[in-house]
Structures are given as structure tokens and as C-alpha cells.
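All values derive from a computational prediction rather than experimental measurement.
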Amino acid sequence: MGRGKLRIYLGAAPGVGKTYAMLSEAHRRVERGTDCVVAFVEHHNRPRTEVMLHGLEQVPRKHLDYRGSAFTEMDVDAVLLRAPAVALVDELAHTNVPGSRNAKRWQDVEELLAAGIDVVSTVNIQHLESLGDVVESITGVRQRETVPDEVVRRADQIELVDMSPQALRRRMAHGNIYKPDKVDAALSNYFRPGNLTALRELALLWVADRVDEYLTEYRSEHRVSKIWGSRERIVVGLTGGPEGRTLIRRAARLAEKGAGGEVMAVYIARSDGLTSASPKELAVQRTLVEDLGGTFHHVVGDDIPVALLDFARGVNATQIVLGSSRRKTWQYVFGPGVGATVARESGPDLDVHIVTHDEVAKGRGLPVARGARLGRSRIIWGWVVGVGGPVVLALLLNTIDLGLANDMLLFLTVTVAAALLGGLFPALASAAFGSLLLNYFYTPPLHRLTIADPKNIVAIAIFVGVAVSVASVVDLAARRTHQAARLRAESEILSFLAGSVLRGETSLEALLERVRETFGMESVALLERAGDVDPWTCAGSVGPRSPKRPEDADVDMPVGDHMALALSGRVLPASDRRVLAAFAAQAAVVLDRQRLQHEADQAKELAEGNRIRTALLAAVSHDLRTPLAAIKAAVSSLRSDDVAWSEEDQAELLEAIEEGADRLDHLVGNLLDMSRLQTGTVTPLIREIDLDEVVPMALGGVPEGSAELDIPETLPMVAVDPGLLERAVANLVENAVKYSPVDEPVLVSASAMANRVEVRVVDRGPGVPDEAKDRIFAPFQRYGDAPRGAGVGLGLAVARGFAEAMGGTLNADDTPGGGLTMVLTVRAVHRLPDLATATAERQAS
């Protein structure tokens, strides 16, 4: 019996309809007469999914007891005994309860497949092992249940069950996915529109990559050499010359014209390791193509046109972009050139674009990569062996007679030794000097520089040719070895620079210290000046006695027109300046980034301060007048002698005075808090505390019964400033009570999510549209047609300011069924459990 086939329904998030689609497929197979059973399907109390189970045979589950609780898992033995044609197994990444046959459900599925049973299963994109870190960075939640990517890749069919984030959130709000008491927390956390959009993109890209793999595999199995233009793939042939940037940009424009276009830049190096390309220019072009969304490839091949066409056909490319030849007219006598050859051999399924550029017909003009120096001592010893070795050997051979053939082999050995030590030139000197000694001492007539026997002439000529050839090969190998070691060191340094860019490191001093360590210098300084005649100033330096001018340094590397990297300690060889130039460019970028960030922060502070001052004047001139006017009117009425006020009237006027004074106190308090936030004088005193010690105190400013509290005792402690947290929650509750209906109390609840705790203030008021959710947190903003007496619009701004001062966040979200939910997030403090508890939790997971 052969292995069963696996079909997987892949989704971006829970609730997109994977299980429903799997059950629909089961009904279709049953109608066609296929023996199909439900091995394990979890409907999660979703009515529509539960209905789909009707009419399908279900294998009884296996009951397990763990820590005093009862669990059910798929009974693998029962399914194997039943031996259906197709088994439905939901949630492929599920972790089985301890005591089950296997630790993971995908391992159960492997047993069914090995028994020849076809399996239809489901999995979400966030459960793939390789995407765990990506999903955690998006959602803030680490997925404990994962499945190896290879298990999903081996599936015979993968079908994507897709749904837009808006539609999925509507399903969630209508209660079609989770129970109503969990809907609010889900929409505010995992099921945010941004999270769902990112997860959907991950699922689409992952499936697209698998489809591409299947296509490549099919073409390989069926030996399809013809290009299938399933999507535009544009290969750019690079030579390392300056025209490469023009070609890359041109290819990027071509890719933008077609949906899903892809740019693949390729540089083909000869297999002997030598290259006439500029490494610096290739690095620039690599960065450019990656910035434009393409990829860079380094291919080895002696026949460049053949290697380029093989690469293009191997990646199923549809177009090739090449530059017009830089060769001069007379150089075409050596052949038609790469562009013409590729165009001729490309065939009808591969378009070739020849792009003109500024370097056409100007000659290659590329720097030739020369071999690395072997060192002064090695060269000296090479000359000693190359010149003195033949003399010593001739003296020894004069005492014994070994024959001309053996004499030549010994002289050839000396030539090889000279090549190993000193390179090509000492070896050539050894070959020439050795041939003269062979002629003079060992070739008849002896002691004369003539050769009587023509055979000896041939022997001497062959000796010289072999000696020169061997010396060239040995010299080349020695230089290549030295050069490879050097290039490896350079690549490690450039890799560090690239990594620092990706990591966003912005410390200029750390970069300069790295330069000093790399090149073994005493001090390094980054110098700059405003103009050609202005004095130099130091933007950053490390080490003692750093140079004040480039002229004072042992090595200086210009960066643009008015900046230079100056190093003191020793003189660097020219070969080190290439890597030094990369360091210099990175230092300039870091300096610019620091200054731009500083200027942006200053501009933001100035703009915010001006806006706050303008709004403050407007608020004082309008909103504060309302309670003052009410207080003055009430006081004037009480002091009037024309009217005899009853006790009830006096009490009402006194109540109006008290209410106006309270309103003034609240408004002035918010104004002072906002001014403290804007001037940066709010210094939170962070300490660990339980939420139930702070949040209840924040409800004292609202009428009794207008707010309900739900703070679980199992919540972890939080790291906050109790005073700031109380003020923030109080402002949120007062705002919610203001807009919520009288018969709908505001709900204040809290829950733990990963390494944070969220406090949610839920009202059933009119709500706020998405485009206004951020605006309501701006100072002096009120949503809708709130009257002037409702406040100056600082409550939410102060609450968000206090939240951010404590390292938290405050955001607004919709309340399912109508209303607004304020989500205040603070950092949780998790205590380390004891060893027994930790072991038990790992076993449970």
C-alpha cells in the first residue's frame, strides 16, 4: 500500500473558514462515494461549522485525564483500525495532551499517511516554525504550537483560505468566531487590522513561493527548457562597470510595468578567480538592486554568454537587460561580444534588451585586480634561491656525473623553489641563469656557450619553457591564496558594516573605534568644514592626540568635498584604502543621521510648543469663561437685596457655585498636567504594584453606579507610577461616562497579554469613526458637537501623555455593538516560578 496524500487548508488567522472549507470538501467526497471520516474536528461552538459535521461519520475520540481534568484527543489507533480512504484532521499544529500516542498532531497525521490514508487538515500561517519570530514581532504573541515547515511543504496540495481583514473583523464582531465576552479583547489585540493585514501578506507570499517551487519542480521533472512567462523575471547582466546602475534602474522600470515583476542582477566571474571588476562598484550596484526590491547573484562561468543564458533559463526569466559594449571598434576583431552573442542564442522565448549608456565604446577601463604582494622577506629569499641556487647546484654537480636529464630536473626544482618563495621574477631569473649554466657546464661542447647536438638544443628549450610555465603557475597560486585570505577579511569587515546599517546603529564613536581596531591605528577622527577655505572641525574622534587636519594624519580618506576621515599611527598600503573608503562613507551617513534626528526632534518640540500655546490661549479665553460666568451669576444673585431667596433657591445657587468651582479645578488641573507633559517635567516614579490597588480609586470622580469594575485577582503586577496611572484611568472613565447612555454603565476591565497588561474602558456611546480616533488624543480637541462647557479637550491628551511617560500606550478601538473602547497598555512584571511549577507548565504546554 502506498503513502497517503496530504491536503492542507492554509489560513492567515483563526476564523477565515479553514475548517468550514475542509468539511465542505468532505461532503463533496462523500457524495462521490469516497469513504471519508472525521478523525478530529474542533468546531469551537461555531454554529455554522457545527452544522457541517452533520452527515459525516466521526471516529470516537480518546479520553485522557491530566492534572485532574478530562481532555479528548484524536484516537490514532481507532482511525487506523477503521482504515478509511480519507480522514479529516483539524489543527495540524496542535500539541497533544501528555500521555497521548505522539507529542504533536502532525506526528499523528504522519502515521495515517504512512498507513495509506489520505488526510485533509488545516493550519494557520502563524503556526509555521520558521515564521515564529516574524509573527511575534507583528502581533506581540509567541506561538507555542508550531509545525515544521517541511511537513507543510511536503503536502500534495495546499489551498489558501483567504478573507480580508475587514470581513474577518465583522465576523468577529457578529460573534461568529469567539464568544461575546472574548470579542472585545480579540478585536483590540490580536485581530487588529494591521495584524491581520500583515498575516494575510505572509500567507499570500508563502503560498506564492510554494507555487513557484512546484512550477520549477515540474519543469525540472518534465525537462521543460522552454521559458514559461508565468510572471516577468528580468535578469540584468553586470560587468562591474559604471554602466551597471543605469541597467539596474532600467530593469526596475520594466518590472514595474508588469504585475509581480522581479529583477535579478547577476555578475558572472571566471572560474580562475581573477576578475577585472571593481569590488567597490559591485557593492554599490548590489545595494542599489536590493533597494529596488531585486536580488543580486554571483555566478562562476568561463563562457559568459552561455553562463548568462543558463542562469536566465534556470530561473525562468522572460527578459535579459544588457548594456551596449564598451569595447572599441578594433576590439571586435576578437569576436562579436557578449551582447550580440546572447541576443543570437537567446531564442524566441527570451527577450534581450541592449541599453545604451555613457560608457559606450570608451573601452573597458576597469581596474585590474593585481595579485597581493608576497612580502619583502619572501621576495628576497626568492632572489637568493633563484640566483644563488643554480650556482650552488652547478658546483655540486661538477663533482658527480648524473647525466643531462637529471641535471635539468634538479635545475627545474630550484626554479620551482624560487617561484614558491619569491614569485614569478625570481623564478624567471632562475630559469634563465640555470639554462646558461646547463649549456656551459653540461652540454657538449663543455665550457662554451654553444651546443653541438641539436637534441640538446631542444632539451634546453623545453627546460626553459617548462621552468617558465611552472614558475608562472606556482606564482599565480601563491598570490591567489594570499589574495583570497585578504578578500575574506575584507568581506567580513564589509559584512559588519552592512549589519550595522540593518541594525540601525547610530553611534559615531563606536564606528570610529571599530576603524581604529581594524587598521591598528592610534587615533581616528572624522573632520569636516563648511567650505574650501574654512578651518577643519572635528565631528567625532577616538584615541589620543587625534589629528586636527587631514594634512596632519598618516592616512586621510576624503568623504565628499568637505569631509575626511583622518587616521594616525602608520601609513596604510593602497590595498587597504578600499575598505577604509567604506568605513568613511558609513561614518558620514551615521553623522548625517544623528544630526537629522536631532533637528527633527527640535522641530517637533518647537511646533508642538507653538501649537499648545496657541490652543491654550483659545481655551482660556473661551472655555474657562463658562464656569466663571456661572459662579459670578450665582454669587451676584445671592448678594442681591432686591430678591428674597428661599432656602431651596439658595441651596441651588450654592450648588451651582460648587459645580462651577469643581469644573474650574478640573480644567486648570488638566492644563497644568498638559504643560508639564509639554515641558518634559513629568518624572514617573515606577514601582511594582497590583492594578486592584489603583484602578478602583480612579472611579471616585464619577457618579455611583455609572461604572463597573472587572479586575481579575490573577493578573500579574505592573510597573507603573500609581499616581499617573490613577489620573490617566480617571480621565478615561470620566470621558466614557460623559458620552455613555445613563442606563449603560461603563465597564473597566483588565487582562494580561504576553508581557503586558491591558486596561480597557468600554462605553456604549455614539463611538468615533476610524479617521478621528487619533485626533481625539490631540490637546484641545473635542469630537462632535460637544458644548463649550464640556471641557477644553485635554482629558484624553493627558491620559495618553501619562501612559507614554510610564512606557505604555493608549489607543482607541470600536466597541462591538456600538461605542468606544479605550485600551491602556502597561508593562507586566512576571515573577519567576519555582522549579516544580516551571516543569509542570512545560509539560502542560
Does [X] have more than 12 heavy atoms from other residues, nucleotides or ligands lying within 6.0 Å of its [atom1]?
X: R529; atom1: CZ; answer: yes
X: R250; atom1: CZ; answer: no
X: W381; atom1: CH2; answer: no

Are [X] and [Y] side-chain neighbours, meaning at least one heavy-atom pair lies under 4.5 Å?
X: Q285; Y: I248; result: yes
X: V236; Y: V266; result: no
X: D556; Y: L565; result: no
X: V289; Y: D291; result: no
X: L292; Y: V263; result: no
X: V147; Y: V123; result: yes
X: L527; Y: P550; result: yes
X: W383; Y: L421; result: no

Apply the test side-chain contact (heavy atoms from CB on, under 4.5 Å) to residues L308 and D310: give CA-CA distance (whole Å), side-chain angles for both, the deciding distance (0.1 Å), then the verdict.
CA-CA 5 Å; L308 182 60; D310 288 344; over 6 Å; no
With no hydrogens and no angle check, is any side-chain donor or acceptor of [X] less than 3.5 Å from a backbone partner on [Y]?
X: D351; Y: Q319; result: no
X: D149; Y: L128; result: no
X: T197; Y: P193; result: yes
X: R313; Y: S346; result: yes

What I want to check is whether the side chains of [X] and [Y] have a donor and an acceptor closer together than 3.5 Å.
X: E522; Y: S568; result: no
X: Q594; Y: H598; result: no
X: S430; Y: T415; result: yes

Quick one: salt bridge (charged side-chain N to carboxylate O under 4.0 Å, His left out) pairs with a partner in residues 417-428, sequence neighbours left out?
none
First locate atom [atom1] of [X], then atom [atom2] of [Y], and finally report the distance between them rounded to the nearest 0.5 Å.
X: E129; Y: T146; atom1: CD; atom2: OG1; result: 3.5 Å
X: Y9; Y: E159; atom1: OH; atom2: CD; result: 4.5 Å
X: M563; Y: L591; atom1: CE; atom2: CG; result: 5.0 Å
X: T239; Y: Y267; atom1: OG1; atom2: OH; result: 8.0 Å
X: L512; Y: L567; atom1: CG; atom2: CG; result: 9.0 Å
X: S164; Y: D162; atom1: OG; atom2: CG; result: 8.0 Å

Residues which pass side-chain contact (heavy atoms from CB on, under 4.5 Å) with T341, listed by chain and number, not counting sequence neighbours
P305, P336, R344, E345
Ion pair check, R595 and E528, cut-off under 4.0 Å
yes
Test side-chain contact (heavy atoms from CB on, under 4.5 Å) applied to W206 and E201, step by step:
CA-CA 8 Å; W206 196 89; E201 182 181 19; over 6 Å; no
Nearest heavy-atom neighbours spanning V542 and E509
CG1-O, 3.7 Å
Any idea which heavy atoms bring D554 and G569 closest together, and the distance?
OD2-N, 2.7 Å
Let me know which of L254, V235, T246 forms a side chain to side chain contact (heavy atoms under 4.5 Å, CB included) with V321.
L254
What residues, two or more places apart in sequence or in another chain, satisfy side chain to side chain donor-acceptor pair (under 3.5 Å) together with H297?
T295
side-chain contact (heavy atoms from CB on, under 4.5 Å) evaluation trace for V342 with L309:
CA-CA 7 Å; V342 170; L309 289 171; 3.8 Å; yes
